[in-house]
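Atoms within each ligand, like the ligands themselves, are counted from 1 in listed order. Side-chain atoms are counted along with the backbone in the values below, which use heavy atoms only and exclude waters and symmetry mates. Numbers for residues simply follow the sequence, beginning at 1.
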Amino acid sequence: MNFNNFPNIRMRRNRFKSFSRKLIKENDLSINDLIYPIFVTYGTNKKEPIPEMPNLFRYSLDMFEKEISNVQLLGIPAVAIFPKIENSKKDDNGTEALNKDNLVCKAIKIVKSIDPEIGVICDVALDPYTSHGHDGILLNGDVNNDETLKILKNQALVQAEAGCDIIAPSDMMDGRVGVIRKCLEKNGFVNTQIMSYAAKYASSFYGPFRSAVGSSGTLMGQGKNTYQMDFRNSDEALKEVELDISEGADMIIVKPGLPYLDIIYKIKNNLNIPIFAYQVSGEYSMLMSAIKNNWLDKKVIFETLMCFKRAGCNGILTYFAPEIASILHQKQ
Ligand code: PBG
């Protein structure tokens, strides 16, 4: 290509008028790209602020109901439910995860009673339920993979039975997608989807989330480094995704989001599966604190979400979902 052709080629010509910028845009963001993670808690009439995540709340189920009506009004296609389990219900094995009437199961039923068309996504991992805060059960000081699988598949089944549409294993145990898929098939849940957190990194960006669900507790030593991925690695992410696809994942998540766009791009270019980014709690907190201080304009939210689309995402799990959805409504 000859690069010496100015002024025949002026890149600014296409940018000059607004209609033209609209015509040449390569990517777009719509409400249909949004998944809204919501925190639930016990009690009634509670809307507890989460200090590390300004403008976000933990909802008791009656208040959650109202929030879901808002989701319905805004047309957000799906929500992801995260419970803050009371300490008295936590133990070393995360037993409460298998209670068919636990907080998550109740929340699933509420969503379905308000609008069966709203997609419900639930994490499969034991961290909200274990007293030590790990995603699985401990044997000799480490999270034991194979023993944890036995519990996770039942956790997935309990959620599917309660009406969950999409099971989202976020535990990073080896073989979990296959084991869960088999269990769902065996029990007749042939259309329950699996959206696996395939490339989930051991990240400090999850800090505010762990405060929100009260799971930061006693994580010691290596933290989650023996099961979540090392942020130095990239090829390994591709292998994780390949494995999950082969085990029966329908869609995959990359997490965290914005600092990991290279991983999203790489998966998009090498494999064929719907990709979702999780713009995690720490990313939310960073943006919100700057926005609240008027250091950044609110438009930065829209920009980050568009960047996920540009990198190759089909959609984004984001705490900004309601905010962005109402902005997108105003633009219509
Ligand atoms: C549980 C889970 C975590 C997040 C989603 N599911 C935390 C963790 O793995 O420690 C983080 C989400 C966020 O930071 O917004 N396994």
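- When each atom of ligand 1 is checked for a heavy atom of Gln228 under 4.0 Å away, the hits are 8 (C), 9 (O).
- Residues Leu305 and Cys307 form no side-chain contact, since every pair of their non-hydrogen atoms from C-beta on lies 4.5 Å or further apart.
- Gln228 places none of its side-chain heavy atoms less than 4.5 Å from the side chain of Tyr201.
- Put simply, the residue from Gln279, Glu283, Glu323 that forms a side chain to side chain donor-acceptor pair (under 3.5 Å) with Thr318 is Gln279.
- The distance from atom CG of Asp33 to atom CZ of Phe308, rounded to the nearest 0.5 Å, is 12.0 Å.
- If you number the atoms of ligand 1 from 1 as listed, the ones under 4.0 Å from a heavy atom of Lys255 come out as 2 (C), 3 (C), 4 (C), 5 (C), 6 (N), 11 (C), 12 (C).
- By the criterion of a heavy-atom distance under 4.0 Å, the side chain of Tyr278, and not its backbone, is placed next to ligand 1.
- Between Arg210 and ligand 1, at least one N/O pair is under 3.5 Å apart.
- Interface atoms of ligand 1 facing Lys200, defined by a heavy-atom separation under 4.0 Å, are 1 (C), 2 (C), 3 (C), 6 (N), 8 (C), 9 (O), 16 (N).
- At a heavy-atom distance under 4.0 Å, only side-chain atoms of Asp127, from C-beta outward, approach ligand 1.
- Counted by atom type alone, Asn233 and Glu236 present one or more donor-acceptor pairs between their side chains at under 3.5 Å.
- A heavy-atom separation below 4.0 Å is not found between Met172 and ligand 1.
- Between Tyr319, Tyr284, Phe205, Phe209, it is Tyr319 that holds the heavy atom closest to atom 15 (O) of ligand 1.
- Ring pair Phe82/Tyr278 is tilted by interplanar angle, where 30° to 60° counts as tilted.
- Under 4.0 Å from ligand 1, not a single heavy atom of Asp171 appears.
- Close placement of the Phe39 and Phe209 rings is indicated, their centers lying within 6.0 Å of each other.
- Contact atoms of ligand 1 toward Lys224: 8 (C), 9 (O), 10 (O) (distance under 4.0 Å to a heavy atom of the residue).
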